[in-house]
Amino acid sequence: MTHAYRTHNCGQLRAEHAGSTTRISGWVHRVRDHGGVLFLDVRDHYGLTQVVADPASPAFKVVETLRSEWVVRIDGQVRNRLAGTENKDMPTGLIEVYATEVEVLSQAAELPLPVFGDLDYPEDIRLKYRFLDLRREKIHNNIMTRTKVVSHLRNTMNDIGFSEFSTPILTASSPEGARDFLVPSRIHAGKFFALPQAPQQYKQLLMVAGFDKYFQIAPCFRDEDPRADRLPGEFYQLDLEMSFVTQDELFATMEPVILELFNTFKGDKTVRADVPRIPHSEALCKYGSDKPDLRNPIEMQAVTEHFAGSGFKVFAGMIAADPKVEVWAIPAPKGGSRAFCDRMNSWAQKEGQPGLGYIYFTPAEPSQEDRPATGHDYDAKGPIAKNIGPERVHAIKNQLGLKYDDAVFFVAGRPEKFYRFAGDARTIVGKELALTKENEFAFAWIVDFPFYEWSDEDKKVDFGHNPFSMPQGGMKALQEQDPLTIKAFQYDMVCNGYEIASGSIRNHSPETMVKAFEITGVTKAEVEERFGGMYRAFQFGAPPHGGMAFGVDRLVMLICGVNNLREITLFPMNQQAQDLLMGAPNDPTPKQLRELHIRLNLPEN
RNA sequence: GCGGAAGUAGCUCAGUUGGUUAGAGCGCCGCCCUGUCACGGCGGAGGUCGCGGGUUCGAGCCCCGUCUUUCGCGCCA
């Protein structure tokens, strides 16, 4: 036998190998000991193979001692399983290996986390014993999918003419945006590097340097609190930038890349080919979110006029008191039952809202004597219907295109205060009524983000998203328009309710950039100081350029059909931004601190 | 920083109105079993009920505090 550990892997042997000898190595996945005959499932990266031993085998005594997750080398004969004992569910299920010699390569202590099975286990144990967790079939497959997705993206980007560049990890702190991770400089006492939040300025400099089409699977670092769809500390982006492009050309370049990616990895799901472009303001009104889930067909509408001056005093009063108050309607097709409307109302109250107004429609019941004589073929039910009267109800029903069996929910107030709640209600209605197509990937571009927004905290105009993006209308808009009405060439791509990419056409004109910052109260001198490298670069011939960055982790999360990034990340940190496996962050040694000229000033306790 | 949820055996969980010695499955240890693939059978070990305090004759259960994990808000150009 010339191979020290294996002639075949554990997913390889088939009926055609029956009669030959083999050597396999792997983990003991499962033991089934029948006394006289004993089965092992031996597992490696490639699959599972059943190994069998009986008292006639010289390996029997060793096999009897094996336990889960020991690492073994098995020599034996490949043979067909006995008629009737084949396992059709296993690729190797027609054969088994009759063990003639077994060597224990490594033993395993009692497991804190079973590898076998598909239960959920506590996050802290999974993370502390991540190497065991990663042996488990589901997450092992997720990680491999991630690797294939990254490889696919890299190949595609190369194929369509992009060049991959690595940009520095140790860089300068950028005063805008997220909290930086700082790295102390040993050579320059008291000075710090920052880890990049994104390669934003570097990729723009690459455009100024004439490289035309850049991409990078780039690590990004942000010291902000995490979410289920936002990793603490570090994450990866497919970062890209192009010179001499318009927003439309960027969409035309990247839309096929993403659709092809999802079509390659969609499994049994479907990918919607149509990628609508939805203005940011329209997304908020129709979907109550700037990252709408378009698998949900519900579109909201304003129905303020039907409530103004109506007999439903709560809404009518709000409208009369404040011209900015609107009433939005959330149609709920097939939701026309008292039980469903009550359930939604309870949900709203649990969310801290006073309730969720509704009307639901049923087929007319002419026999019912106290039914108002509306002349319509439906009955409208619920307190609101009674209060506003049949004519207003009918107008609402017509505007929304509702039928009997349908319901409609109402939220009222200033849209900026309630749009998120309305969007959540839309999501719940879509799920509860099974309107949301769970087995689909539905994309959209969200465009025309506001360039500026009002900061309540600072009582001033501030950048909405990216200060480097180009205001629509350029310098003229900055000089002449109310800043809060200016749109940016700034866009997101969304999929199934997740923001999967964000980007913009950049502002490559130093004069426009200075003006844009001036409106937020930042002087020219400050711009030159904070963004010195880029500001200088733009003095020497900057091409018009733009780009975007896709969240690789989120793409993989969607593709794998999980709702937590830890399921698709090799060694994630926990929510407190700790690596429980490696024990990071940890204490520096006194020598390290001395060399870095750092003295700790820790809080009490 | 704020709010919700969870924390009982190595793991997943049950535990009634506050009442005898805190249970089950998996795993572990021992014995039995020649065709299983979540093998089966018998027996055993294994517990600071997250931690601290309080109420009570009596607390896994009630109260207060605290820690850990998680989800969300703030935050994330």
Side-chain angles (χ1 to χ4, degrees), chain A residues 29-42 48-57 60 64-65 67-69 79 81-90 92-93 96 98 108-129 132-133 174-180 197-198 200-201 220-233 235 350-352 420-421 424 449 451-453 455-457 462-469 488 490 499 502-504 506 516-517 520 522 530-531 549 551 563-564 566 574-576 578 580 605:
Chain A
H29 189 62
R30 201 85 175 133
V31 180
R32 292 177 295 279
D33 183 350
H34 291 241
V37 63
L38 195 151
F39 301 96
L40 301 175
D41 291 334
V42 178
L48 283 173
T49 296
Q50 174 164 290
V51 172
V52 61
D54 64 25
S57 163
F60 190 69
E64 278 188 312
T65 66
R67 293 294 177 268
S68 287
E69 298 309 310
R79 66 189 196 189
R81 295 196 187 184
L82 298 181
T85 67
E86 302 90 347
N87 187 338
K88 298 277 193 317
D89 298 330
M90 289 173 72
T92 62
E96 63 193 9
Y98 180 76
E110 186 173 354
L111 302 173
L113 177 80
V115 173
F116 177 82
D118 191 27
L119 283 173
D120 287 329
Y121 297 101
E123 289 289 337
D124 46 346
I125 293 176
R126 293 183 59 190
L127 296 181
K128 185 173 176 186
Y129 298 94
L132 285 178
D133 196 28
S174 155
E176 303 291 327
R179 214 172 275 123
D180 285 316
Q197 298 176 20
Q200 181 67 34
Q201 296 191 52
C220 303
F221 305 90
R222 293 178 192 176
D223 187 7
E224 296 293 348
D225 290 347
R227 295 287 181 271
D229 66 347
R230 202 170 76 200
L231 284 167
F235 59 98
K350 216 178 70 199
E351 294 291 300
R420 184 201 293 265
F421 167 68
D424 288 348
F449 277 76
F451 191 61
Y452 293 112
E453 62 189 14
S455 166
D456 262 342
E457 195 184 332
D462 216 338
F463 289 105
H465 279 73
N466 187 331
F468 305 120
S469 66
Q490 162 90 41
E499 177 194 321
S502 190
S504 65
R506 319 300 177 187
F517 272 99
T520 71
V522 176
R530 290 188 192 179
F531 308 105
N563 51 23
N564 191 301
R566 285 185 299 274
N574 68 10
Q575 197 169 31
Q576 274 65 46
Q578 296 166 303
L580 297 176
N605 306 320

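Proteins come first, then strands; the chains are lettered A, B, ... in the order of their sequence lines, and each starts at number 1. Values below: all heavy atoms of this structure, side chains included; hydrogens, waters and symmetry mates excluded.
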With [atom1] as the reference atom in both, quote the distance from [N] to [M] in angstrom, rounded to an integer.
N: B:G35; M: B:G43; atom1: C1'; value: 26 Å
N: B:A14; M: B:A9; atom1: P; value: 12 Å
N: B:C26; M: B:G19; atom1: P; value: 29 Å
N: B:C39; M: B:A22; atom1: P; value: 32 Å
N: B:U12; M: B:U69; atom1: P; value: 16 Å
N: B:U20; M: B:A59; atom1: C1'; value: 15 Å
N: B:G10; M: B:C49; atom1: P; value: 12 Å
N: B:G27; M: B:C71; atom1: C1'; value: 30 Å

Check: [N] base within 3.5 Å donor-acceptor of [X] side chain:
X: A:Gln576; N: B:U68; value: no
X: A:Arg79; N: B:G35; value: yes
X: A:Glu86; N: B:G35; value: no
X: A:Arg32; N: B:C33; value: no

Rounded off to whole Å, could you give me the [atom1]-to-[atom2] distance for the [X] and [N] pair?
X: A:Lys88; N: B:U36; atom1: NZ; atom2: C1'; answer: 15 Å
X: A:Gln50; N: B:G35; atom1: CD; atom2: P; answer: 13 Å
X: A:Asp225; N: B:C76; atom1: CG; atom2: C1'; answer: 9 Å
X: A:Glu224; N: B:G1; atom1: CD; atom2: P; answer: 14 Å
X: A:Phe221; N: B:C76; atom1: CZ; atom2: C1'; answer: 16 Å
X: A:Glu96; N: B:U34; atom1: CD; atom2: C1'; answer: 12 Å
X: A:Leu132; N: B:G27; atom1: CG; atom2: C1'; answer: 13 Å
X: A:Asp54; N: B:G35; atom1: CG; atom2: P; answer: 11 Å

Has [X] got a side-chain N or O lying under 4.0 Å from the OP1 or OP2 atom of [N]?
X: A:Arg230; N: B:G74; value: no
X: A:Gln575; N: B:C71; value: yes
X: A:Asn564; N: B:U70; value: no
X: A:Arg30; N: B:G27; value: yes

Starting at [atom1] of [X], measure out to [atom2] of [Y] and round the result to the nearest 0.5 Å.
X: A:Arg30; Y: A:Leu48; atom1: CZ; atom2: CG; result: 11.5 Å
X: A:Gln50; Y: A:His29; atom1: CD; atom2: NE2; result: 12.5 Å
X: A:Thr49; Y: A:Leu40; atom1: OG1; atom2: CG; result: 11.0 Å
X: A:Asn574; Y: A:Arg126; atom1: CG; atom2: CZ; result: 13.0 Å

Reckon [X] touches a base, only the sugar-phosphate, or nothing at all at heavy-atom distances under 4.0 Å?
X: A:Glu499; value: nothing
X: A:Arg81; value: base
X: A:Arg126; value: nothing
X: A:Gln200; value: base
X: A:Arg227; value: base
X: A:Asp89; value: nothing

Between N or O atoms, less than 3.5 Å apart, protein on one side and nucleotides 10-13 of chain B on the other: list the pairs.
| from | atom 1 | to | atom 2 | distance (Å) |
| --- | --- | --- | --- | --- |
| B:G10 | O2' | A:Leu111 | O | 3.4 |

When you get a sec, tell me which of [options] is the closest nucleotide to the side chain of [X]?
X: A:Asp33; options: B:C29, B:U34, B:C33; result: B:C33
X: A:Arg420; options: B:C39, B:G74, B:U70; result: B:G74
X: A:Asn574; options: B:U70, B:C76, B:A38; result: B:U70
X: A:Arg67; options: B:C28, B:U69, B:U36; result: B:C28

Above 12 or not: heavy atoms from other molecules or residues under 6.0 Å from CG of A:Asp124?
-> yes
Close side-chain approach of A:Val115 and A:Ser68, heavy atoms under 4.5 Å | no
Is any side-chain heavy atom of A:Gln197 less than 4.5 Å from a side-chain heavy atom of A:Glu224?
-> no
Any-strand Watson-Crick or G-U partner of [N], both distances under 3.5 Å:
N: B:G7; result: B:C67
N: B:G72; result: B:C2
N: B:U16; result: none
N: B:C29; result: B:G43

Toward the 5' end of RNA chain B, which comes first, A:Leu82 or A:Glu123, by nearest nucleotide?
-> A:Leu82
First encountered from the 5' end of RNA chain B, between A:Asn87 and A:Leu580 | A:Asn87
Side chain to side chain contact (heavy atoms under 4.5 Å, CB included) partners of A:Phe421, counting only residues at least two apart = A:Trp347, A:Ala348, A:Glu351, A:Gln353, A:Leu356, A:Val411
Any donor-acceptor pair under 3.5 Å linking the side chain of [X] with the backbone of [Y]?
X: A:Tyr121; Y: A:Pro114; result: no
X: A:Arg81; Y: A:Glu96; result: no
X: A:Arg32; Y: A:Asp41; result: no

Does the ring of A:His34 lie flat against the base of B:C39, closer than 5.5 Å centre to centre with planes under 30°?
-> yes
